[in-house]
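Take a look at the structure set out below.
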There are 2 protein chains.
Amino acid sequence: MGEDGDIIACVIDIGALRSLPYFSRLKEAELREVARLVQAVTLTRGEVLLTGGEPCPGLYFVVSGSLKVFQVSPEGREQVLMVAGPGQSFNDVPVFDGGPNPASVEALEPSAVGLVPKEAIEDLVRRYPEVARGMLQVFARRLRLLVSLVTSLSLLSVEGRVGQVLLTFSDTAPQPRPRLRVSQQDLAAMVGTTREVVARSLRALEEAGAVRRLQTEIEVVDRKRLAEMVEQAFK
Amino acid sequence: MGEDGDIIACVIDIGALRSLPYFSRLKEAELREVARLVQAVTLTRGEVLLTGGEPCPGLYFVVSGSLKVFQVSPEGREQVLMVAGPGQSFNDVPVFDGGPNPASVEALEPSAVGLVPKEAIEDLVRRYPEVARGMLQVFARRLRLLVSLVTSLSLLSVEGRVGQVLLTFSDTAPQPRPRLRVSQQDLAAMVGTTREVVARSLRALEEAGAVRRLQTEIEVVDRKRLAEMVEQAFK
DNA sequence: ACTCAGCCGCTACATAAGTCACTGTCACGC
DNA sequence: GCGTGACAGTGACTTATGTAGCGGCTGAGT
């Protein structure tokens with residue numbers, strides 16, 4: 001199973017730490033000190049790093065690759081809460097409220113992450129007000145994202161939610177013809193539905209001329225059209 | 001319309017401030033200083049305090065009464081994000097990420113709230129690390145709540161979600177036979193559906209012997225049974 | 001070159017959820 | 001008394017979503 005991933009000797013780059021909004025305001029020496037506390041973990045695709053409900057080892061951040069943070073129903077259906085990429089942190093909530101991991105985490109591709117132990121974080125927050133401010137900002141952004149997830153789950157149709165995911169993706173990938181590479185299964189878990197329904201929605205979006213379905217990729221052909229489709233998908 | 005509510009001369013009690021998790025760690029003198037910056041606002045039932053998307057005046061907390069924080073679709077359907085009661089704060093996100101109000105806020109009953117201006121908060125966070133820690137805790141708790149809202153929207157049927165709301169309510173009201181007083185309309189907005197569907201779900205829960213429908217109240221008859229019903233409602 | 005697993009496309013069908021339209025019941029004010 | 005408005009209850013119908021089942025493609029590994 002490879003439950004915990006492989007723990008590698010501490011090889012976390014100071015640069016990787018600085019790219020985190022948490023630590024960006026710290027000085028060189030302070031960063032070095034933090035780096036000494038960090039454990040590096042590598043994961044293969046599909047490997048499970050954390051399981052919801054278990055006690056919290058600490059805060060993680062992504063060095064390379066990407067991971068999905070999700071919850072599972074007893075029947076096996078998944079809901080993705082966030083997809084964490086390089087520079088993003090996850091599992092930060094339980095560090096501050098003392099509870100168990102709120103969700104499970106699994107690598108979407110071969111990835112490397114860093115683990116900052118709980119006690120180290122608490123210490124940092126106490127000593128450096130800048131760190132606390134950085135964390136408040138991260139939390140605020142996270143809350144906003146979750147709020148928009150809630151409202152799209154509640155107020156948009158599946159087609160609209162799929163479109164929304166494609167839209168926000170095409171913002172981050174600024175190429176002329178942005179292509180998204182996720183399996184329909186994962187896409188389904190992101191918008192809270194099943195693979196087949198995602199397939200139907202994609203067909204509808206394609207027929208409307210907003211996107212194009214390749215083999216395993218989705219291309220946003222007409223951003224504007226896509227945005228219109230999402231608008232019309234409100235309940 | 002009474003857009004902004006009435007602004008009363010500063011009559012915020014120091015005790016009210018201390019009951020906020022944000023400020024509970026401050027000393028008497030510091031609390032007095034904060035109190036000077038706070039504006040009090042009173043609201044009648046149904047009065048709108050904030051509108052989503054508008055610029056953020058600051059952070060609010062509830063002194064008495066209760067308010068709903070929600071988003072609306074263009075078609076007028078609502079999704080409630082939280083119901084804020086005495087001692088709880090809301091609209092804290094935009095203070096930290098600088099964006100507009102993430103949601104609208106309306107009084108569910110005659111209420112009194114306090115407004116702490118944005119600048120005051122920023123100043124407090126910088127000067128008192130205890131305040132920052134308190135806020136991080138509040139945010140962490142809020143994130144957890146939103147995560148559970150997301151997963152119940154995505155993984156539970158409407159009946160299950162209605163049951164869940166009743167369950168969590170019956171936790172806070174520890175009487176032998178807890179009774180909930182919300183209109184079905186508001187209940188629908190909490191679980192992301194319509195009044196009629198809520199009515200159907202309540203009938204099903206009543207037929208199962210879990211709850212009893214009074215005129216405008218709902219009584220939890222059998223907590224255990226109710227919890228079972230929710231369990232079976234997973235997708 | 002084969003098998004196999006993982007992913008996708010599609011049709012047909014089942015059911016949860018949403019919509020519509022109407023009725024009954026209160027509480028309130030005139 | 002009567003009208004009015006807010007809230008609840010319910011049956012009939014429509015639609016979105018979920019489920020089942022199958023076949024085809026592709027890439028990795030033997």
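A note on names: the letters A, B, ... follow the listed sequences, proteins ahead of strands, and every chain is numbered from 1. Values in this document were obtained by computation on a predicted structure and should not be read as measured data.
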Can you measure A:Gln185 atom CD to C:dC7 atom C1' for me and round it to whole angstrom units? 10 Å
Quick one: label A:Glu159 by what it contacts on the DNA or RNA (base, sugar-phosphate, nothing), any heavy atom closer than 4.0 Å. nothing
When the side chains of residues 189-197 of chain A are checked against the rest of the protein, which donor-acceptor pairs come out under 3.5 Å, sequence neighbours left out?
none

Starting at CD of A:Gln79 and ending at P of D:dG18, how long is that distance when rounded to a whole Å? 11 Å
Using a heavy-atom cut-off of 4.0 Å across all strands, would you classify B:Arg213 as base, sugar-phosphate, or nothing? sugar-phosphate
Could you check how far CD of B:Glu78 sits from P of C:dG18, rounded to whole Å? 15 Å
Could you give the angle between the helix axes at the two ends of the helix from C:dA1-D:dT30 to C:dC30-D:dG1, with five pairs per end, rounded to 10 degrees? 30°
Would you kindly give the CG-to-P distance between A:Leu214 and C:dC7, to the nearest whole Å? 17 Å
Nearest-Å distance for atom pair CD/C1', residues B:Glu206 and D:dT10: 13 Å
Please classify the nucleic acid contact of B:Arg200 as base, sugar-phosphate, or nothing, using heavy-atom distances under 4.0 Å. base
Using a cut-off of 4.0 Å on non-hydrogen atoms, how would the nucleic acid contact of A:Arg45 be classed: base, sugar-phosphate, or nothing? sugar-phosphate
Rounded to the nearest Å, what distance is computed from the CG atom of residue B:Leu153 to the C1' atom of nucleotide D:dT17? 15 Å
Does any N or O donor sit under 3.5 Å from an N or O acceptor when you compare the side chain of B:Arg195 with the base of D:dG9? yes
